[in-house]
Amino acid sequence: AGGGTSSYREVEETDLLILWGSNARETHPIFFHHVLKAVHRGASLHVIDPRRTGSAQWADTWLGLDVGTDIALANTIAREIIHARLANEAFVKRATSGFAEYQASVERWTLEEGERVTGVPAQTIRELAHAYARAERAILCWTLGITEHVTAVDNVLSLINLALLTGHVGRYGSGLNPLRGQNNVQGGGDMGAIPNKLPGFQDVQDDHDARARFEAAWEAKLPPEHGWHLSQMFEAMERDELHTLYVLGENPAQSEADSKKSLALLEGLDFLIAQDILMTKTCEMADVVLPSSASWCEAEGGTVTNSERRVQRMHKAIDPPGLARDDNWTIGELARRLGHDWGHPTVEQVWDECRSLSPMHRGMSYARLEEMGGLQWPCPSEDHPGSLFLHGRLWEDPIEGPPATFSVTSWAPPVDALDEEFPIRLTTGRRLDSYNTGVQSNLYSSPLRRGETLDLSPEDAKSLHVQPGELVQISSRRGSIEA
């Protein structure tokens with residue numbers, strides 16, 4: 001859990017940008033406007049993606065790596081930076097730990113080995129390594145192309161290693177930015193909608209003081225242990241340990257991988273509750289459906305947090321339709337009928353409780369959020385201006401707090417190995433006109449929507465005797481589809 005270290009303004013003013021596993025032009029079009037301002041200002045743009053995406057069309061360099069070889073590429077870039085003596089040695093020595101072990105771990109990743117594993121030409125890897133290390137300011141961004149892998153954590157850590165190696169973090173114009181896929185994904189994590197954190201990224205298991213504060217405020221004991229994330233919930237269903245599911249604003253019946261297996265597990269639940277603004281496939285499967293209002297326009301108040309950690313107010317524009325109710329009201333009513341009458345506090349009262357318990361939100365009163373047009377966390381007091389970028393402490397001499405730690409990230413190939421029966425790897429992506437599982441965006445037509453297609457490299461299409469526009473069947477070890 002965490003947030004992007006840089007602000008949008010820094011993206012516009014940096015000297016070099018890397019989009020790694022991110023087709024921001026189509027999946028984050030508003031953010032991509034900031035990228036284009038940087039490009040038009042003279043910044044170089046480098047795109048790392050198995051597909052030659054719309055974002056790659058704007059790039060100085062496109063690195064079309066093989067799917068699942070991100071760690072191998074990152075480690076190859078790191079080794080080249082070290083051997084070219086381009087590492088920020090002063091920063092590494094003063095502000096980091098674990099460098100010796102990290103250096104030893106990337107030693108095998110010569111440019112030639114990197115090319116063999118990733119499919120990216122050695123000279124292209126070398127050019128990106130030198131450009132990133134030599135840049136005065138550089139920002140590295142990523143999205144689901146990095147995180148939707150079995151090795152997701154190590155993928156992210158391998159990118160953090162590159163920033164630590166070059167000192168491209170903790171300074172204006174240099175940072176690491178995971179781009180959030182939907183409105184308020186960042187805010188959901190900030191508020192504790194993850195199985196190991198309380199609001200404000202306070203660990204529910206290890207941060208005893210934080211847990212004590214929440215227990216005092218909520219007058220209840222909190223289990224001092226981490227919960228299950230979504231994948232673990234489905235694993236628990238398979239073990240017959242999870243029998244009831246309460247789904248809010250999520251459509252796992254269509255969004256989970258291996259859909260045949262996922263649907264069977266959802267159908268096997270004893271009880272399924274779905275709470276959403278539209279009748280999703282998950283709602284159709286549910287025993288009880290609780291209709292929600294669209295909180296961004298049909299509910300008064302509340303906040304959202306974007307990818308630059310900016311917390312902003314929302315305001316009601318229209319009334320919700322029919323029996324739709326605000327999520328706060330629905331949850332409060334459920335609690336009352338389960339024997340815990342919380343009343344119906346206003347959203348500002350809920351927010352004030354949150355910031356009384358989350359130090360990084362403490363200075364964000366509704367009045368200040370309105371006056372300032374939003375504030376970036378951490379904002380620990382009501383005279384604090386918010387934080388334009390994170391980890392500036394690493395540039396203090398001596399640094400404030402603990403050093404940033406290098407991580408040894410070992411590459412492992414994708415779990416599904418290629419063979420004669422399945423010789424090509426399938427990867428997916430989003431489109432500009434469609435949103436997630438299509439429940440919302442498919443309600444209207446779009447001149448950009450062209451249906452599902454199978455995009456092959458010309459070489460693969462020729463070897464398979466596939467012609468443009470031809471209907472084909474694509475099969476994996478888990479199912480088949482026509483496109």
Short side-chain donor-acceptor distance under 3.5 Å, Asn251 and Thr437: yes
Donor-acceptor contact below 3.5 Å, side chain Thr14 vs main chain Val11: no
CG-CD1 distance between Leu454 and Ile474, expressed to the nearest 0.5 angstrom: 4.5 Å
Leu388, CG: over 12 other non-hydrogen atoms inside 6.0 angstrom: yes
His149 side-chain N/O to Ile146 backbone N/O, donor-acceptor pair under 3.5 Å: no
Short N-O contact, Arg336 and Glu333, less than 4.0 angstrom: yes
No-hydrogen, no-angle side-chain donor-acceptor test under 3.5 Å, Trp377 and Asp190: yes
His340, NE2 atom: more than 12 neighbouring heavy atoms under 6.0 Å: no
Asn184 side-chain N/O to Thr305 backbone N/O, donor-acceptor pair under 3.5 Å: yes
Reported OH-to-CG distance for the pair Tyr366 and Asp352, which is rounded to 0.5 angstrom: 8.0 Å
Asp15 bridged to Arg41 by N-O distance under 4.0 Å: yes
Gly145 backbone acceptor or donor facing Trp20 side chain under 3.5 Å: no
Salt bridge present between Glu215 and Lys221 (N-O < 4.0 angstrom): yes
Residue pair Gly4 / Leu390: nearest heavy atoms and the distance that separates them: O-CD1, 3.8 Å
Neighbour count above 12 (heavy atom, 6.0 Å) for Lys281 NZ: no
Leu269 side, atom CG; Glu267 side, atom CD - distance, nearest 0.5 Å: 9.5 Å
Value rounded to 0.5 Å, distance of CD in Glu250 from CD in Glu256: 7.5 Å
Flag, side chain of Arg211 to backbone of Leu198, donor-acceptor distance under 3.5 Å: no
Pairwise distance OG(Ser434) to CD(Gln440) - rounded to 0.5 angstrom: 11.5 Å
Residues, nucleotides or ligands: over 12 heavy atoms within 6.0 Å of Trp342 CH2: no
Residue pair Gln186 / Ser307, side-chain heavy-atom distance below 4.5 Å: no
Salt bridge Asp416-Arg478, side-chain N to carboxylate O under 4.0 Å: yes
Derivation of the side chain to side chain contact (heavy atoms under 4.5 Å, CB included) call for Leu443 and Leu278: CA-CA 10 Å; Leu443 292 174; Leu278 293 168; 3.8 Å; yes
Audit row: Ile194, His229, side chain to side chain contact (heavy atoms under 4.5 Å, CB included) steps and yes/no: CA-CA 7 Å; Ile194 41 182; His229 56 61; over 6 Å; no
Spatial distance of atom CG (Leu456) from atom CG (Leu426) [nearest 0.5 Å]: 9.5 Å
CG/Leu323: more than 12 non-hydrogen atoms of other groups inside 6.0 Å: no
Check: Asn177 side chain, Thr5 main-chain N or O, donor-acceptor pair, under 3.5 Å: yes
Heavy-atom side-chain proximity of Leu375 to Leu369 below 4.5 angstrom: yes
Closest approach of Ser293 to Asp326 (non-hydrogen atoms, all atoms of both residues): OG-CA, 3.3 Å
Check: Leu418 and Arg425 side chains under 4.5 Å, non-hydrogen atoms: yes
Enclosure of Glu284 CD (heavy-atom neighbours >12, cutoff 6.0 Å): yes
Parallel, tilted or perpendicular, as decided by the 30° and 60° cut-offs, for the rings of Tyr132 and His168: tilted
Heavy-atom donor-acceptor pair, Glu308 side chain to Tyr8 backbone, under 3.5 Å: yes
Steps toward side chain to side chain contact (heavy atoms under 4.5 Å, CB included) verdict (Leu266, Phe234): CA-CA 8 Å; Leu266 289 171; Phe234 275 85; 4.0 Å; yes
Ser407 side-chain N/O to Thr409 backbone N/O, donor-acceptor pair under 3.5 Å: no
Flag for Asn23-Ser55: side-chain donor and acceptor within less than 3.5 Å: yes
Check: Gln275 and Tyr246 side chains under 4.5 Å, non-hydrogen atoms: yes
Any donor-acceptor N/O pair, Arg431 side chain to Leu448 backbone, under 3.5 Å: no
Identified side chain to side chain donor-acceptor pair (under 3.5 Å) counterpart of Tyr172 within the set Arg9, Glu10, Arg137: Arg9
Donor-acceptor pair, side chain of Thr69 and main chain of Asp66, under 3.5 angstrom: yes
